[in-house]
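Here the structure is a predicted model, which means the values were calculated and not measured. For reference, positions follow the sequence shown, starting with 1.
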Amino acid sequence: MQHFIQKLNINNFKSCKEFETELTACTPMVGYNNAGKSNVLEAIEWLLKDKLLSAETYYDPALDIVN
């Protein structure tokens, strides 16, 4: 059995002010430099590993991150 994230919503995480997408078992991430691809992967890592976040991690430090 294969498990994967089917839908991803990221709000207020680094460059991801509001980001939503649906995923498949193999979803390529393509984009120009500095588009936010790494930030999406970091948000997923934060969700899975429950890491502590610094103030620079927030798009707007006055708001909570929603993942």
Side-chain angles (χ1 to χ4, degrees):
M1 177 182 280
Q2 188 178 39
H3 299 279
F4 62 91
I5 299 170
Q6 295 178 335
K7 187 173 182 179
L8 185 62
N9 293 305
I10 303 170
N11 295 315
N12 200 36
F13 185 84
K14 294 191 174 186
S15 66
C16 302
K17 183 176 181 181
E18 293 180 9
F19 176 79
E20 181 177 330
T21 189
E22 297 206 11
L23 304 171
T24 64
C26 181
T27 302
M29 292 183 61
V30 180
Y32 55 88
N33 291 343
N34 210 25
K37 299 178 300 290
S38 296
N39 292 342
V40 171
L41 294 176
E42 285 183 43
I44 294 170
E45 179 183 30
W46 170 69
L47 177 66
L48 297 176
K49 293 185 177 180
D50 197 25
K51 296 174 23 177
L52 294 177
L53 302 174
S54 64
E56 298 86 38
T57 310
Y58 293 79
Y59 182 87
D60 181 351
L63 302 172
D64 290 334
I65 291 176
V66 179
N67 198 345

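- No continuous path of hydrophobic side-chain contacts links Val30 to Leu8 [ILVMFWY only; heavy atoms under 4.5 Å].
- Grouping the Ile, Leu, Val, Met, Phe, Trp and Tyr side chains by contacts below 4.5 angstrom, directly or via other members, places Tyr59 apart from Phe19.
- Here Ile44 contributes atom CD1 and Ile10 contributes atom CD1; the two are 6.0 Å apart, rounded to the nearest 0.5 Å.
- Sorted by first then second residue, the salt bridge (Lys or Arg N to Asp or Glu O under 4.0 Å) pairs that include residues 25-45, not counting sequence neighbours, are Lys14-Glu42, Glu45-Lys49, Glu45-Lys51.
- More than 12 heavy atoms of other shown residues, nucleotides or ligands fall within 6.0 angstrom of atom CG in Asp60.
- Atom SG of residue Cys16 and atom CG of residue Asn9 lie 11.0 Å apart, to the nearest 0.5 angstrom.
- Leu47 and Leu63 are assigned to two separate hydrophobic clusters, defined by single-linkage of ILVMFWY side chains at heavy-atom distances under 4.5 Å.
- Taking the salt bridge (Lys or Arg N to Asp or Glu O under 4.0 Å) definition, one finds that Glu18 meets it with nothing, sequence neighbours left out.
- Cluster membership check: Met29 does not share its hydrophobic cluster with Phe4, using side-chain heavy-atom separations under 4.5 Å among Ile, Leu, Val, Met, Phe, Trp and Tyr.
- For Asn39 against Phe13, the heavy-atom pair with the smallest separation is O-CE2, 3.3 Å.
- Applying the salt bridge (Lys or Arg N to Asp or Glu O under 4.0 Å) test to pairs two or more places apart or on separate chains, those with a residue in residues 19-32 are Lys7-Glu20.
- The shortest heavy-atom contact between Gly36 and Ser15 is CA-OG, 3.8 Å.
- Both Tyr58 and Val40 are assigned to one and the same hydrophobic cluster, defined by single-linkage of ILVMFWY side chains at heavy-atom distances under 4.5 Å.
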